[in-house]
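Each remark here refers to the structure printed beneath this line.
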Amino acid sequence: MKVFNTMTGKKEDFIPLTKGKVGIYACGVTVYDYCHLGHARSAVVFDVMHRYLRYKGFDVKFVKNFTDIDDKIIKRANEEGAAWDTVAKKYIDEYYRDMDALGIARADIEPKATEHISEMIAVIKTLIEKGYAYAVQEGENQSVYFEVEKFPEYSKLSKKDINDLLAGARVSIDERKKSPVDFALWKASKEGEPWWESPWGKGRPGWHIECTAMAIKHLGETFDIHGGGADLIFPHHENEIAQSEAYTGKPFANYWMHNGFITIDKEKMSKSLGNFFTIREILDKYDAEVIRLFLTSSHYRSPIEFSREQLHDAEASLDRYYTTVSRIDDFLSAETTPSKKAVNAAEFEGFLNKFKDGFESAMDDDFNTALATGHIFELVREINIFLDAKPSGDEAAALIEKAKHVSNSVEQVLNLFNRTPAEWNIALLKSKKIALSEADIEQKIKDRQAARQNKDWAAADAVRKELDEKGIILEDKRDGTSWKVKI
RNA sequence: GGCGGCGUACCCAAGUGGCUAAGGGAGAGGUCUGCAAAACCUCGAUGCAGCGGUUCGAAUCCGCUCGCCGCCUCCA
């Protein structure tokens with residue numbers, strides 16, 4: 001298995017620290033607002049990684065945190081006139097609502113920063129003792145900063161030149177810090193701000209220290225994979241490395257993995273630019289599975305341009321998949337003539353036998369979900385070709401069962417393609433806001449069937465036209481008429 | 001300015017040294033059908049931003065040029 005490591009800038013063989021086990025830490029969200037599509041991407045990417053590693057038989061321990069105390073949460077609390085922890089709790093709940101909809105499995109451990117204050121304080125104390133950090137008086141309390149100069153390997157992840165950082169006008173000058181690049185481990189609390197008791201008086205943790213404390217607590221001083229969005233590379237992950245490695249004297253994570261951005265008009269989707277769509281805004285118009293396929297049909301490191309066309313394409317792809325599943329179901333439930341041999345069985349079986357290898361080698365190559373989904377649609381085509389040849393008999397049925405089985409592995413890893421065609425179409429009814437129930441449609445089909453029996457084609461066509469105008473397509477098959485939502 | 005990335009058909013998107021450049025969407029023609037729909041078949045980049053170079057061989061490696069983006073400040 002190969003994974004791209006941001007630290008080396010190369011794809012490397014993935015060798016876990018302990019054979020058969022993988023520890024992953026993914027930076028989660030700061031809970032001060034609804035999640036947008038960018039958060040969804042990161043969540044889906046690491047969800048798929050973690051599912052695939054499990055599928056490969058690794059004993060995976062997946063940790064994903066919540067930053068539940070920070071400046072933005074405090075700011076939002078003041079705006080809403082609520083307590084900071086009420087705000088945090090609210091957006092954690094909203095986070096789960098969105099992520100559950102998107103089929104994101106819970107991580108094994110989902111720690112919150114505020115539940116690890118004592119661990120953070122312990123790390124900070126040691127960093128001061130080791131001479132990597134210093135406390136500065138601020139009113140009655142003290143703040144603690146990490147002294148970047150004391151950690152010579154600083155910027156090894158983001159490959160920045162410290163001098164450039166120092167020279168850059170964007171680094172804010174803060175008189176309290178020895179150097180502008182030093183960053184806060186502990187912030188003295190100001191009037192009206194939440195605080196915890198510490199050796200430096202009342203204060204709260206800086207942003208980066210939580211990940212160090214929580215990753216080390218739950219995964220150990222060195223673990224396998226640390227990930228997050230590419231925008232976390234600097235300064236967040238760089239600072240985590242500095243404080244963690246200064247603290248333990250050991251490498252922090254062996255592989256650093258970062259997902260690319262979602263863009264709109266080629267620009268990064270972000271809160272500050274205001275060009276974002278929240279997950280729930282999109283869920284209002286598109287089914288969650290559509291979003292998931294949209295996100296997995298590009299490689300995780302590439303930028304993805306968001307557009308309605310893209311979502312439509314993903315929707316059409318899914319519909320193609322479920323239409324084929326529907327054909328499979330029809331085939332398996334139909335009467336078969338046991339004597340007849342399957343037509344092109346050998347070729348089809350050969351394809352099925354190779355399928356799993358193809359899928360796995362795609363995923364083994366740095367989680368290439370785009371290629372993996374490509375393989376799925378090749379499978380769809382092969383199934384359709386096989387069914388078009390009108391096979392019958394036990395051998396054919398066994399092959400189709402095998403095809404279903406073979407695609408199960410993929411469904412489980414991508415958490416995609418795992419509904420029934422009926423569930424898919426009912427979901428489409430909802431996302432396309434079609435005001436017809438299943439029963440309404442079935443009734444129309446019955447009416448039309450009666451007309452067809454009488455060869456009253458005009459009446460039959462009128463029913464079809466009526467449904468078509470509402471977005472429902474009818475398909476006449478041998479054993480009856482089925483319906484589907486127009487994409 | 002520093003560092004990093006990207007540019008593959010009408011759109012999206014795999015492929016990073018060697019069999020016919022995956023897959024999806026859109027399009028054209030055909031088979032099937034009461035008519036449709038779906039599905040399948042055929043067509044569709046002699047070509048991978050441009051120009052040079054390395055190589056028996058390059059979309060893939062190297063150099064230059066053009067265009068676009070990201071990080072350098074909170075950010076998934």
Side-chain angles (χ1 to χ4, degrees), chain A residues 6 9 11 26-30 32 35-46 70-72 75 155 158-161 163-165 167-172 181 207 227-236 238 258-263 266-273 276 293-294 297-299 301-305 307 309-321 323-324 326-327 358 362 365 368-381 383-389 452 455-458 460-461 464-465 468 473-477 481-484 486-487:
Chain A
T6 307
K11 268 189 214 172
C27 287
V29 293
T30 300
Y32 73 105
C35 289
H36 62 65
L37 195 60
H39 300 109
R41 182 179 196 187
S42 194
V44 167
V45 163
F46 286 96
D70 132 297
D71 291 351
K72 288 192 294 273
K75 183 165 173 269
S155 85
S158 57
K159 279 112 192 138
K160 296 188 183 305
D161 186 326
N163 294 318
D164 289 337
L165 291 176
R170 295 172 117 177
V171 179
S172 61
V181 292
W207 174 32
D231 43 7
L232 297 181
I233 295 170
F234 188 91
H236 185 54
E238 200 67 74
H258 296 94
N259 64 273
F261 302 126
I262 306 270
T263 60
K266 302 244 175 167
E267 258 185 335
K268 178 188 170 189
M269 178 184 288
S270 75
K271 278 278 163 64
S272 39
L273 286 169
F276 62 89
L293 180 62
F294 163 65
S297 53
S298 302
H299 186 88
R301 282 187 282 119
S302 315
I304 304 183
E305 171 73 10
S307 71
E309 291 71 36
Q310 292 266 69
L311 286 171
H312 173 269
D313 285 359
E315 192 172 65
S317 297
L318 275 173
D319 195 61
R320 178 172 162 76
Y321 183 88
T323 299
T324 298
S326 179
R327 287 190 77 188
D365 185 14
N368 193 337
T369 54
L371 182 57
T373 51
H375 288 322
I376 293 179
F377 286 99
E378 285 173 0
L379 174 66
V380 164
R381 198 188 58 234
I383 290 171
N384 279 317
I385 289 173
F386 183 69
L387 291 176
D388 268 9
R452 292 184 76 211
K455 296 213 188 308
D456 184 354
W457 306 125
D461 289 351
R464 186 164 57 203
K465 187 159 181 269
D468 184 80
I473 295 172
L474 297 185
E475 291 183 15
D476 293 329
K477 298 177 184 175
T481 300
S482 65
W483 62 275
K484 56 186 284 183
K486 193 158 52 169
I487 296 300

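To find a chain, count down the sequence lines: A is the first, B the second, and so on, and within it residues start at 1.
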inquiry  = Whether Asn163(A) contacts rG2(B) is assessed here as follows: a side-chain N or O lying under 4.0 Å from the phosphate OP1 or OP2. Is that the case?
reply    = no
message = Of the options rA39(B), rA13(B), rC41(B), whose atoms approach the side-chain atoms of Ile385(A) most closely?
response = rC41(B)
ask   = Is any side-chain N or O of Ser302(A) closer than 4.0 Å to OP1 or OP2 of rA14(B)?
value = yes
request  = List in chain and number order the residues that pass side-chain contact (heavy atoms from CB on, under 4.5 Å) with Asp161(A), two or more places apart in sequence or in another chain; answer none if no residue qualifies.
outcome  = Asn163(A), Asp164(A)
Report all interatomic pairs (protein N or O, nucleotide N or O of nucleotides 8-11 of chain B) with separations under 3.5 Å.
none

Can you give me the N/O atom pairs linking the protein to nucleotides 26-29 of chain B at distances under 3.5 Å, or say none if there are none?
none

ask   = Using purine N1 to pyrimidine N3 plus N6-O4 or O6-N4 for Watson-Crick, or N1-O2 and O6-N3 for G-U wobble, each under 3.5 Å, what pairs with rG1(B)?
value = rC72(B)
query = Between Arg327(A) and Asn384(A), is any side-chain donor less than 3.5 angstrom from a side-chain acceptor?
reply = yes
Got a list of protein N/O to nucleotides 34-36 of chain B N/O distances below 3.5 Å?
unit_1	atom_1	unit_2	atom_2	d
rG34(B)	N7	Arg452(A)	NH2	3.4
rG34(B)	O6	Arg448(A)	NH2	3.2
rG34(B)	O6	Arg452(A)	NE	3.3
rG34(B)	N1	Asp461(A)	OD1	3.0
rG34(B)	N2	Asp461(A)	OD1	3.3
rG34(B)	N2	Asp461(A)	OD2	2.7
rC35(B)	O2	Arg464(A)	NH2	2.0
rC35(B)	N3	Arg464(A)	NH1	3.0
rC35(B)	N3	Arg464(A)	NH2	2.9
rC35(B)	N4	Asp476(A)	OD2	2.8
rA36(B)	N6	Asp476(A)	O	3.2
rA36(B)	N1	Asp476(A)	N	2.8
rA36(B)	N3	Arg464(A)	NH1	3.1

note = If pairing means Watson-Crick or G-U wobble with both distances under 3.5 Å, then the partner of rU54(B) is none
request  = For Lys465(A), check side chain to side chain donor-acceptor pair (under 3.5 Å) against everything at least two apart and list the hits.
outcome  = Glu469(A)
message = Going by side-chain contact (heavy atoms from CB on, under 4.5 Å), name the residues that satisfy it together with Asp70(A), two or more places apart in sequence or in a different chain.
response = Thr30(A), Thr67(A), Lys72(A), Ile73(A)
Protein-nucleotides 18-22 of chain B N/O pairs closer than 3.5 Å?
unit_1	atom_1	unit_2	atom_2	d
rA22(B)	O2'	Glu378(A)	OE2	2.3

request  = Would you please name every residue forming a side-chain contact (heavy atoms from CB on, under 4.5 Å) with Lys477(A), sequence neighbours left out?
outcome  = Ser326(A), Asp330(A), Glu475(A), Ser482(A)
task = Would you kindly give the CZ-to-P distance between Arg320(A) and rA37(B), to the nearest whole Å?
result = 16 Å
query = What pairs with Ile304(A) under side-chain contact (heavy atoms from CB on, under 4.5 Å), at least two apart in sequence or on another chain?
reply = Arg41(A), Ile262(A), Phe294(A), Leu295(A), Ser298(A), Gln310(A)
message = Categorize Asn384(A) for me: base, sugar-phosphate, or nothing, with a 4.0 angstrom heavy-atom threshold over every strand shown.
response = sugar-phosphate
Report all interatomic pairs (protein N or O, nucleotide N or O of nucleotides 65-70 of chain B) with separations under 3.5 Å.
unit_1	atom_1	unit_2	atom_2	d
rC69(B)	O3'	Lys266(A)	O	3.3

task = Check step by step if side chain to side chain contact (heavy atoms under 4.5 Å, CB included) holds for Thr481(A) and Arg464(A).
result = CA-CA 11 Å; Thr481(A) 300; Arg464(A) 186 164 57 203; over 6 Å; no
task = Return the nucleotide paired to rA39(B): Watson-Crick means purine N1 to pyrimidine N3 with N6-O4 or O6-N4, wobble means G-U with N1-O2 and O6-N3, both under 3.5 Å.
result = rU31(B)
ask   = Of all residues at least two apart in sequence or in a different chain, which pass the side chain to side chain donor-acceptor pair (under 3.5 Å) check with Glu267(A)?
value = none
remark   = Here the distance between atom C1' of rG24(B) and atom OH of Tyr321(A), to the nearest Å, is 15 Å
query = Has Lys271(A) got its NZ or CZ under 6.0 Å from the middle of the six-membered ring of Phe276(A), at an angle within 45 degrees of the ring axis?
reply = yes
inquiry  = Does Gly9(A) reach a base, just sugar-phosphate, or nothing at all? Heavy atoms under 4.0 Å.
reply    = nothing
inquiry  = Checking Asp231(A) now: which residues fulfil side chain to side chain donor-acceptor pair (under 3.5 Å) with it, not counting sequence neighbours?
reply    = Lys268(A)
